[in-house]
Amino acid sequence: MLRICCVAIFLLMVLTPGVTNTHANDAFPNARKPTNREDLKYWLENMVVFHDFTMDEIQQATGLEQSDIRIAISGLKLKPGSNSKTKPNAPLLVKPYPGGRHPRIGFLEGAIHPQRETKISVFTPWDQSSYVVLDIPEAIWSNLGLTYLAHTHVPTIWSKQNIDLPQMEWTRHKSGTLSLLRKLPNGIQFHTVVEPRKDAVLMDMLLTNGTEKPLSKLRVQNCAMLKMAKGFSQQNNENKVFRAPYAACKSESGNHWIIMAWSPCFKPWGNQKCPCLHSDPIFPDCPPGETSRVKGWFSFYTGTNIEAEFDRIDQLGWQKIPMKGFE
């Protein structure tokens, strides 16, 4: 009874407009405070049960006082690592990345204040305390310049005009699909869809030209960050294989692989400082009012013949596999 009362008081204090203490938000400018009780429960479960965040990381992500966070975790009976059991034939475990923990080991100056709305975590099937953070998209270039960037680094066409883009969140659909739709100030719109399956995560990215002029040079940077995948976080490219459209990283044990591909592929590569994998696609030129599309694949492989695995994935024709509806 005491625990329930404490949680009720906590919810009243931190989620009621006009009563909230804003000190934590001032101290953690990239934090996102839960908007209601359901939001609070979802994100705390995400951070504690699945991502095993420390108290400091939860505070960085939410902006809440640590004493309030402890009350809420206790009241919700959340325990780190309780996601370890999965059902047979279940899809790969995918969650929106909650922010608060920087997804890179190095090259942090190249990703200041990373935004969580473009990021998802895909948990490895052999160890569900390990995960890869996909940033989709990390950046979009066009003939207009750097049109979108999911963190602060080099200037975009918006930062040059002192225009701040609003924070967004992934839409979580009943089917297990995640989607994000962002409309930029000039009318360009991009829509990312993620569908977890048993053998892979299928991804779809659409770009609609809402301007009055054709768009070209629509290169996208999609990143798979390996910091939290045990056995894959070495800061080098010696453990990676690049064969367009595939980019793959081998574990220290040598028998586990992480694979990402996007099509049509502009360039597969890896940044050893992060460390990360890239399979960067390029949208076809897009006339006014039209929509261009690129398709993505992400999977895990246990074995030693990565080239044969690339061939097997090729034979699936993954670029043409239809994705589920949202609901």
Side-chain angles (χ1 to χ4, degrees), residues 10-11 13-15 20-76 78-83 93-124 128-138 149-153 164-172 178 180 194 223-230 233 274-276:
F10 163 72
L11 290 170
M13 290 178 62
V14 302
L15 299 179
T20 299
N21 180 348
T22 60
H23 174 267
N25 280 336
D26 293 338
F28 308 108
N30 209 35
R32 302 195 183 191
K33 198 168 192 179
T35 56
N36 53 48
R37 291 163 176 78
E38 183 180 349
D39 200 39
L40 174 73
K41 180 180 179 180
Y42 176 82
W43 284 110
L44 283 184
E45 182 182 50
N46 183 308
M47 296 175 204
V48 174
V49 175
F50 294 95
H51 287 93
D52 195 18
F53 271 20
T54 66
M55 197 60 57
D56 285 344
E57 289 170 336
I58 298 172
Q59 186 174 35
Q60 289 280 349
T62 64
L64 300 175
E65 297 291 346
Q66 292 195 14
S67 57
D68 293 331
I69 295 169
R70 290 190 180 92
I71 291 172
I73 291 174
S74 176
L76 295 169
L78 301 177
K79 296 181 180 180
S82 53
N83 69 316
L93 180 60
V94 176
K95 292 288 181 181
Y97 188 67
R101 172 186 288 165
H102 202 296
R104 295 181 178 182
I105 296 172
F107 193 40
L108 303 185
E109 69 278 10
I112 300 169
H113 298 317
Q115 301 162 13
R116 79 181 185 190
E117 61 258 38
T118 60
K119 297 172 181 60
I120 62 168
S121 298
V122 185
F123 293 78
T124 65
Q128 298 229 307
S129 66
S130 291
Y131 59 89
V132 181
V133 178
L134 305 188
D135 204 355
I136 45 176
E138 180 186 358
L149 186 63
H151 47 248
T152 301
H153 181 207
D164 293 326
L165 301 181
Q167 291 182 336
M168 301 188 69
E169 300 287 6
W170 289 98
T171 299
R172 306 186 298 271
L178 299 173
L180 178 74
V194 176
C223 182
M225 290 172 278
L226 305 170
K227 171 184 176 180
M228 297 305 300
K230 296 175 184 177
S233 59
C274 293
C276 64

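Hydrogens, waters and symmetry mates are skipped; everything else that's a heavy atom, side chains included, is used.
- Contact of the V133 side chain with the K227 side chain is not registered, since no non-hydrogen atoms from C-beta on lie closer than 4.5 Å.
- With sequence neighbours excluded, the residues that form a side-chain hydrogen bond (donor to acceptor under 3.5 Å, both in side chains) with Q115 are Y148.
- Every side-chain hydrogen bond (donor to acceptor under 3.5 Å, both in side chains) that S130 has, sequence neighbours left out, goes to D127.
- Side chain of N30 to main chain of P114: a donor-acceptor pair is present (N/O by atom type, distance under 3.5 Å, no hydrogens or angles).
- Partners of A224 under the side-chain contact (heavy atoms from CB on, under 4.5 Å) rule, at least two apart in sequence or in another chain, are V132, L134, M260, L277, F298.
- Residue pairs meeting the ring-ring contact (aromatic ring centres under 6.0 Å, His included) criterion with at least one member in residues 30-72, sequence neighbours excluded: H51-F53, H51-Y97, H51-F123, H51-Y131.
- Between E57 and M47 the shortest side-chain heavy-atom distance does not fall below 4.5 Å.
- Residues W170 and L178 approach most closely at CE3-CB, 3.9 Å, considering heavy atoms.
- How far SG of C274 is from CD1 of I105: 9.0 Å, rounded to the nearest 0.5 Å.
- The salt bridge (charged side-chain N to carboxylate O under 4.0 Å, His left out) test applied to K119 returns D135, not counting sequence neighbours.
- Heavy atoms only, all atoms of each residue included: G63 and A31 are closest at N-CB, 3.4 Å.
- Shortest non-hydrogen contact noted between P275 and S233 is CG-O, 3.6 Å.
- Atoms CZ and CD, on R32 and Q167 in that order, are 4.0 Å from each other to the nearest 0.5 Å.
- With a 4.5 Å cut-off on side-chain heavy atoms, E169 and P96 do not count as touching.
- Between the CG atom of L76 and the CG atom of L44 there is a distance of 6.5 Å, given to the nearest 0.5 Å.
- Closest non-hydrogen pair, N46 versus K95, comes out as ND2-CB, 3.9 Å.
- From I58, atom CD1 reaches atom CZ of R101 across 9.5 Å, with rounding to the nearest 0.5 Å.
- For the pair P34 and D39, the tightest heavy-atom approach, listed with the atom from each and the gap, is CA-OD2, 3.2 Å.
- Applying the side-chain contact (heavy atoms from CB on, under 4.5 Å) criterion to M168, with sequence neighbours excluded, gives E117, L180, R182.
- By the side-chain hydrogen bond (donor to acceptor under 3.5 Å, both in side chains) test, K230 is found to be paired with S129, residues two or more places apart in sequence or in another chain being considered.
- Put simply, the side chain of D68 never gets that close to the backbone of L64: no donor and acceptor are under 3.5 Å apart.
- Side-chain contact between D56 and Q66: present, with at least one pair of heavy atoms (C-beta onward) separated by less than 4.5 Å.
- Between P98 and A61, the shortest heavy-atom distance links the atoms O-CB, 3.7 Å.
- In this structure, R104 pairs ionically with E138, as a charged nitrogen and a carboxylate oxygen lie closer than 4.0 Å.
- In this structure, H113 NE2 and H102 NE2 are separated by 9.5 Å, a value rounded to the nearest 0.5 Å.
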